[in-house]
Amino acid sequence: MEYLFAKASPESNCSHLYEHMFIDAAIEKLRESRLFAFVDYTISGRTYGRGLLFIEIEIWNKSAKNQILDIIHSTKIDANDIESGVLQILAEKQAGLYELNKNAISQMLQILNQTPWFETSKVKPVRLERYANVALVLSQVDKTEFDNFSAKIFIDKKFVDDSIKLLPLFNILSRTIMANIDEDIASRYSCYSSGGSRTFSQTKSTFRIFRKHIPKLTDEADHAIDLIKYMMDESAFDRLSKQLATENIPVRLTEEIYANTGSVIGKPGWRQIATAENITEVLSKSMISFKRNKVVLQNDISTIF
């Protein structure tokens, strides 16, 4: 089930800021409700010219549909606490600040807070006027002010050779874990997830951040292990297993899994391989690493068991 919601403000940069702040606030509420990305939902945002922003929700866990939609419609941001959202935008655009009028920005964010989301499938054609950005204006900046670091989940090569039939399961588990790590890192460190890649044996995300805000790799590595343990304690992987066996996953995901693993798999196949025993086996043979420049810190996920 997919939903596309929208709002608009006169200034596109303020809409973009609201998008980032709203996504962080909604994810915090979803996590407090013990809901996880790629298990219960996926959420993403985009902002276009003329100040129009979209929030796309894909609901995986049908039993949590009403709860997820209630969170989306009830979530409000703190319009006076804009620092993290601004840093995320600057990292995304690799830009600096030319103008930052906090009072004007706060007023526009408050208006967006009070404006209900409209579901795009239910509206007549709407055309918005174009306005110049005045309250929040970006500027060019030296790209060396930014740095990159990456997170990678990968599987032991011997396991790949011995258990090739379980590669689709590793693919879905690793992208699920990475989706939740992405959410946490963007919010915790005010950075931007600038891209990702997947192969049959690894899932990787890259993050861009102001150099002075770069986190310690040890902090991220420890947090990632704690997050995976929390997901296990909250039965996230059990729910994922049941959904794979009973629901049709998105077509794009079936195609991506084939591209990554060479396997086409549907509900009967997931029922066969996405068992609790196999999930434990795959996770116990998986590792997670964080890299910045030439520094790499690696943890075995097996330490959880």
Side-chain angles (χ1 to χ4, degrees), residues 36-39 60 149-185 195-207 217-218 220-247 249-250 252-292 294-305:
F36 299 93
F38 257 91
V39 176
W60 285 49
F149 66 99
S150 63
K152 181 173 70 173
I153 299 172
F154 58 101
I155 196 83
D156 179 77
K157 185 180 183 303
K158 187 176 187 303
F159 181 84
V160 172
D161 295 337
D162 294 345
S163 305
I164 194 167
K165 70 176 183 178
L166 294 182
L167 286 183
L169 182 59
F170 166 76
N171 190 274
I172 199 86
L173 288 172
S174 62
R175 73 169 62 217
T176 299
I177 293 168
M178 191 61 77
N180 288 276
I181 289 173
D182 277 8
E183 290 182 347
D184 282 12
I185 288 179
S197 62
R198 281 175 290 276
T199 68
F200 65 92
S201 62
Q202 71 173 40
T203 295
K204 180 180 178 180
S205 283
T206 302
F207 305 90
L217 296 187
T218 50
E220 274 315 296
D222 291 344
H223 177 73
I225 292 296
D226 289 343
L227 172 61
I228 298 168
K229 186 177 186 304
Y230 178 57
M231 293 177 71
M232 293 183 66
D233 291 343
E234 296 299 332
S235 303
F237 300 118
D238 293 338
R239 292 205 303 278
L240 178 63
S241 172
K242 290 176 183 177
Q243 284 155 208
L244 290 171
T246 58
E247 303 292 338
I249 66 174
R252 58 172 173 77
L253 190 53
T254 298
E255 292 177 355
E256 288 178 17
I257 290 172
Y258 172 74
N260 295 153
T261 69
S263 297
V264 177
I265 185 166
K267 287 185 286 188
W270 287 119
R271 280 194 289 271
Q272 182 179 352
I273 70 169
T275 63
E277 181 181 1
N278 284 343
I279 288 173
T280 298
E281 182 180 3
V282 169
L283 290 178
S284 68
K285 297 295 192 299
S286 300
M287 288 148 279
I288 184 166
S289 67
F290 288 85
K291 180 180 180 181
R292 180 193 176 198
K294 295 183 179 180
V295 179
V296 180
L297 187 63
Q298 177 177 309
N299 275 345
D300 289 348
I301 296 177
S302 62
T303 58
I304 294 173
F305 299 98

Shortest non-hydrogen contact from [X] toward [Y]:
X    : Y    : result
A245 : W270 : N-CB, 4.2 Å
M287 : D156 : CE-N, 3.8 Å
T203 : M178 : O-CE, 3.4 Å
T176 : A37  : CG2-O, 3.6 Å
F200 : L167 : O-CD2, 3.6 Å
A236 : V39  : O-CG1, 3.3 Å

Euclidean distance, [Y] [atom2] relative to [X] [atom1], rounded to 0.5 Å:
X    : Y    : atom1 : atom2 : answer
S241 : I172 : OG    : CD1   : 11.5 Å
L244 : L240 : CG    : CG    : 4.5 Å
I279 : I273 : CD1   : CD1   : 9.5 Å

Worksheet entry | Distance-only donor-acceptor check, side chains T261 and N171, under 3.5 Å |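 Looking only at side-chain atoms, N171 and T261 do not form any donor-acceptor pair under 3.5 Å.
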
Mind jotting down which residue pairs meet the salt bridge (charged side-chain N to carboxylate O under 4.0 Å, His left out) criterion with at least one end in [range]? Sequence neighbours excluded, please.
range            : result
residues 159-177 : K157-D161, K158-D162, R175-E256
residues 262-282 : none
residues 296-305 : none
residues 234-243 : R34-E234, D40-R239

Taking only residues two or more places apart in sequence or in another chain, which ones pass ring pair (Phe, Tyr, Trp, His ring centres under 6.0 Å) with F36?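 With sequence neighbours excluded, F36 shows a ring pair (Phe, Tyr, Trp, His ring centres under 6.0 Å) to Y230, given in chain and number order.
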
* To do: Check side-chain hydrogen bond (donor to acceptor under 3.5 Å, both in side chains) between E220 and all other residues, then give those that pass, not counting sequence neighbours.
  =>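 Y189.
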
Exercise. Is there a donor-acceptor pair closer than 3.5 Å between any side-chain N or O of S205 and the backbone N or O of A151?
Worked result: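 No, S205 side chain to A151 backbone: no donor-acceptor pair under 3.5 Å.
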
L283 versus I304: any side-chain heavy-atom pair under 4.5 Å?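 With C-beta onward as the side chain, the pair stays apart.
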
